[in-house]
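Okay, so here's the structure we're looking at.
Whatever order the structure lists ligands and atoms in, that order sets their numbers, starting from 1.
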Amino acid sequence: MKRQLAVCAWSFVFAVLASFPVSAAETLPQVTILATGGTIAGSGGSATQLTGYKPGDLTAEQLIAAVPGLKNFADIKAEQIANIGSYDMSTEVWLKLAKRINALLSGKTDGIVVTHGTDTQEETAYFLNLTVKSDKPVVTVGAMRPATAISADGPLNLLQAVSVAGSRNARGKGVFLVMNGEINGAREVTKTNTLQPETFRSNDLGFLGYVVNNKPVFYRGSLRRHTKASEFDVSRLTALPKVEILYTYVDAGVDVVKNIIATNPDGIVVAGMGNGSIATSQLAVLKEAAQKGIVIARSSRTGTGMVTPDPNKGDNVGFVTTDSLNPQKARVLLMLALTKTKNPKEIQRMFDVY
Ligand code: ASP
């Protein structure tokens with residue numbers, strides 16, 4: 001009898017609660033858009049102008065206004081972090097972004113969308129993948145056609161990015177780059193074409209899933225350490241160590257290496273040939289630099305595949321290999337690694353897990 005009464009009482013409470021109207025905003029995920037500029041916010045002189053336009057012209061509010069019904073998918077807030085072409089992206093903006101995202105995600109915000117130029121989007125995405133301290137989704141998004149263009153790709157990309165950022169299903173999977181209905185992991189994705197909207201590819205390792213009818217559908221995840229599991233903490237940093245990239249090619253000169261070393265970098269990533277090979281003349285100068293404490297990391301200009309350890313390529317004097325990270329992403333990880341240590345063995349451990 002007592003039990004029946006208790007059941008009745010609970011049914012009554014639930015019925016009363018259910019009868020209260022719940023506003024749409026309460027049921028929607030809270031997504032904050034952090035705008036940084038790029039072609040997605042670019043404007044040209046006419047609808048047919050597809051190159052030579054001005055990136056980073058429209059504000060976050062204007063981007064939102066261009067997407068019909070965006071506010072039906074999430075309770076949107078927006079902040080303008082920068083308004084630049086991403087060729088001018090800087091470590092200063094990266095630190096600002098990472099700190100702001102960490103602050104927002106430790107509160108009520110359910111997900112973040114970073115609008116960004118496509119040129120360096122993969123570098124920012126990977127930096128955030130290593131420095132965001134939350135399981136909640138962080139999505140970078142851009143466009144290849146300016147906002148003023150016929151068939152501009154920005155509005156649909158933004159809608160899809162917001163739907164991934166607001167999804168519980170997207171939690172714990174690292175930072176994403178979402179464009180053209182494809183969800184790419186920050187570690188693998190790279191820009192592969194100068195003009196085409198489908199420029200972003202995760203190459204051999206594949207993208208993680210689709211956005212179908214504004215819902216993410218995942219097929220795989222990255223097994224490399226990211227976000228909450230990352231050991232890198234930028235909360236007290238105001239600058240990052242200096243790391244340059246040295247490109248290699250037939251007859252590459254020695255002076256270019258010496259000039260880089262003269263700027264006192266903390267590290268150099270070599271965009272080596274094939275499996276991280278370096279011309280013998282340059283190798284000799286880089287070995288001297290390693291012995292003076294500059295960390296040399298061997299990557300590859302090929303675009304896919306691992307760079308493997310080889311004592312004949314400088315690893316005998318402490319060069320590190322960058323796994324399958326392309327040179328620009330190896331630079332991101334090396335900068336963060338150097339905030340912790342200058343020990344090549346310890347830095348190699350990091351390249352093996354991130
Ligand atoms: N130049 C542009 C940028 O990276 C290219 C783009 O956004 O697609 O800002």
Side-chain angles (χ1 to χ4, degrees), residues 33-67 78-98 100-101 112-129 138-162 164-165 175-184 186 188-203 207 211 245 303 326-329 331-332:
I33 297 175
L34 301 179
T36 72
T39 294
I40 192 168
S43 63
S46 71
T48 51
Q49 185 180 356
L50 299 180
T51 63
Y53 49 84
K54 183 176 186 304
D57 201 28
L58 305 189
T59 62
E61 273 71 28
Q62 287 171 304
L63 299 188
I64 293 167
V67 187
E79 295 175 23
Q80 195 78 46
I81 298 289
N83 213 356
I84 52 177
S86 74
Y87 41 79
D88 284 332
M89 187 48 64
S90 63
T91 50
E92 193 187 330
V93 176
W94 280 358
L95 291 171
K96 189 173 167 190
L97 262 179
R100 187 67 190 129
I101 291 172
I112 300 285
V113 170
V114 178
T115 60
H116 201 291
T118 59
D119 290 353
T120 60
Q121 197 178 335
E122 67 196 68
E123 289 163 68
T124 300
Y126 189 51
F127 176 75
L128 296 176
N129 198 48
V138 175
V139 180
T140 72
V141 67
M144 289 298 283
R145 297 184 187 129
T148 45
I150 186 169
S151 295
D153 48 337
L156 180 56
N157 285 342
L158 182 59
L159 173 61
Q160 294 185 329
V162 165
V164 175
V175 171
F176 306 116
L177 186 153
V178 171
M179 282 173 64
N180 305 306
E182 293 174 356
I183 309 169
N184 290 275
E188 283 78 34
V189 72
T190 191
K191 186 171 181 178
T192 64
N193 189 286
T194 55
L195 294 173
Q196 296 296 95
E198 67 275 23
T199 183
F200 282 104
R201 294 272 165 247
S202 293
N203 289 329
F207 59 85
V211 187
I245 297 177
N326 65 24
Q328 58 271 33
K329 286 193 196 170
R331 174 176 175 264
V332 173

Exercise. Between the side chain of Asn184 and the main-chain N/O of Arg201, is any donor-acceptor distance below 3.5 Å?
Worked result: no
Problem set entry | Donor-acceptor under 3.5 Å (Asn129 side chain, Val175 main chain) | yes
For this session: Mark up the atoms of ligand 1 that fall under 4.0 Å of a heavy atom belonging to Gly38, in ascending order.
Result: 7 (O), 9 (O)
Seminar exercise, completed: Of Pro197, Ser86, Pro146, the residue with the heavy atom nearest atom 4 (O) of ligand 1 is Ser86
For this session: Using a 4.5 Å cut-off on heavy atoms from C-beta on, say whether the side chain of Met144 contacts that of Thr39.
Result: no
Problem set entry | Ligand-residue contact atoms, ligand 1 with Tyr87, heavy atoms, under 4.0 Å | 1 (N)
Exercise. Looking only at protein heavy atoms, which one is nearest to atom 2 (C) of ligand 1, and how far off is it?
Worked result: Thr39 OG1, 3.5 Å
Exercise. Can you list the ligand 1 atoms lying under 4.0 Å from a non-hydrogen atom of Gly85?
Worked result: 9 (O)
Exercise. Ignoring hydrogens and geometry, is there a side-chain-to-backbone donor-acceptor pair from Thr148 to Gly44 under 3.5 Å?
Worked result: yes
Exercise. What do you reckon, does Ala143 put a non-hydrogen atom under 4.0 Å from ligand 1?
Worked result: yes
Exercise. Distance-only, no hydrogens or angles: does the Thr36 side chain make a donor-acceptor pair with backbone N or O of Asn83 under 3.5 Å?
Worked result: no
For this session: May I ask you to identify the nearest protein heavy atom to atom 1 (N) of ligand 1, giving residue, atom name and distance to one decimal place in Å?
Result: Asp119 OD2, 3.2 Å
Exercise. Any side-chain heavy atom of Thr124 within less than 4.5 Å of one from Trp94?
Worked result: yes
For this session: For atom 8 (O) of ligand 1, grab the closest protein heavy atom and report residue, atom and distance to one decimal in Å.
Result: Thr118 OG1, 2.4 Å
